Amino acid sequence: MTPRISVRSGKLSDAAREHIDKACEKLPHFCDRIIDCEVIVDKQKLSVIVEFIVKVPNQKLVASAHNEDENLFKAIDEAESRLERQLKRYHDKLVDHR
């Protein structure tokens with residue numbers, strides 16, 4: 001799955017784009033009903049904010065990470081792990097409901 005990546009300020013390097021792509025490729029392993037994935041990167045003076053927005057049927061899951069030391073890759077990994085937890089919980093609710 002290819003995510004839509006938007007950057008609020010500044011530019012994103014190719015290595016960062018590849019890292020985001022790899023993070024989004026892992027998501028269908030946790031839930032196979034993902035409709036859309038969007039990643040928003042906001043670079044500020046002293047921090048980086050990464051936000052993953054994933055649309056699944058009847059719901060929108062949002063996970064964000066804020067990193068003070070401007071480490072973009074660390075923020076991406078943290079937001080990805082938060083989203084993985086949400087997707088697992090969503091998938092478990094669907095399976096238990098049946």
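A quick note: this is a predicted structure, and the numbers were derived from the prediction, not measured.
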Q: Could you state whether Val7 and Val48 fall into the same hydrophobic cluster, counting links through intermediate Ile, Leu, Val, Met, Phe, Trp or Tyr residues with side-chain heavy atoms under 4.5 angstrom apart?
A: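 Yes, because Val7 and Val48 connect within a single hydrophobic cluster, where side-chain heavy atoms sit under 4.5 Å apart.
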Q: Check side-chain hydrogen bond (donor to acceptor under 3.5 Å, both in side chains) between Glu70 and all other residues, then give those that pass, not counting sequence neighbours.
A: none
Q: Can you list the residues that meet the salt bridge (Lys or Arg N to Asp or Glu O under 4.0 Å) rule with Lys43, with sequence neighbours excluded?
A: none
Q: Quick one: list whatever passes side chain to side chain contact (heavy atoms under 4.5 Å, CB included) with Asp32, sequence neighbours left out.
A: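 With neighbours one apart ignored, the set is empty.
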Q: May I have all residue pairs that pass ring-ring contact (aromatic ring centres under 6.0 Å, His included) and include part of residues 38-58, sequence neighbours excluded?
A: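 For residues 38-58: none.
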Q: Out of curiosity, Ile34 CD1 to Leu27 CG, how far, rounded to the nearest 0.5 Å?
A: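 Interatomic distance, Ile34 CD1 to Leu27 CG, rounded to 0.5 Å: 5.0 Å.
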Q: Using the salt bridge (Lys or Arg N to Asp or Glu O under 4.0 Å) criterion, which residues pair with Glu84? Sequence neighbours excluded.
A: none
Q: To the nearest 0.5 Å, how far apart are NZ in Lys88 and NE2 in His91?
A: 11.0 Å
Q: Going by the rule ring-ring contact (aromatic ring centres under 6.0 Å, His included), which residues pair with Phe30 if we only count those two or more places apart in sequence or in a different chain?
A: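 Counting only residues at least two positions away or on another chain, Phe30 forms no ring-ring contact (aromatic ring centres under 6.0 Å, His included).
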Q: Residues two or more places apart in sequence or in another chain: which of them pass salt bridge (Lys or Arg N to Asp or Glu O under 4.0 Å) with Glu78?
A: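 Arg82.
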Q: Could you state the interatomic distance from CD1 (Ile49) to CG (Asn67), rounded to the nearest 0.5 Å?
A: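 It comes to 10.5 Å.
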Q: Would you say the side chain of Val41 lies within less than 4.5 Å of the side chain of Ile76, judging by non-hydrogen atoms?
A: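 A side-chain contact is absent here, since even the closest heavy-atom pair is not under 4.5 Å.
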Q: Tabulate below the donor-acceptor pairs under 3.5 Å that side-chain atoms of residues 18-26 make, not counting sequence neighbours, or state none.
A:
residue	atom	partner	partner atom	Å
His19	NE2	Asp77	OD1	2.8

Q: For residues 54-61, please give each side-chain donor-acceptor pair under 3.5 Å, one per line with the distance, not counting sequence neighbours.
A:
none

Q: Quick one: does Val50's side chain get under 4.5 Å of Leu72's, heavy atoms only?
A: yes
Q: List for me each residue that meets side chain to side chain contact (heavy atoms under 4.5 Å, CB included) alongside Thr2, sequence neighbours excluded, and say none if there are none.
A: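 Result, side chain to side chain contact (heavy atoms under 4.5 Å, CB included) vs Thr2: none returned.
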Q: Could you work out, with side chain to side chain contact (heavy atoms under 4.5 Å, CB included) as the rule, every residue matching Ser64, not counting sequence neighbours?
A: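 Side chain to side chain contact (heavy atoms under 4.5 Å, CB included) list for Ser64, sorted by chain: Glu51.
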Q: Report the residues that fulfil salt bridge (Lys or Arg N to Asp or Glu O under 4.0 Å) with Glu38, sequence neighbours left out, ordered by chain and then residue number.
A: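 Listed in chain order: Arg4.
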Q: Looking at Phe73 and Ala16, what are the two nearest heavy atoms and their distance?
A: CE2-CA, 3.8 Å
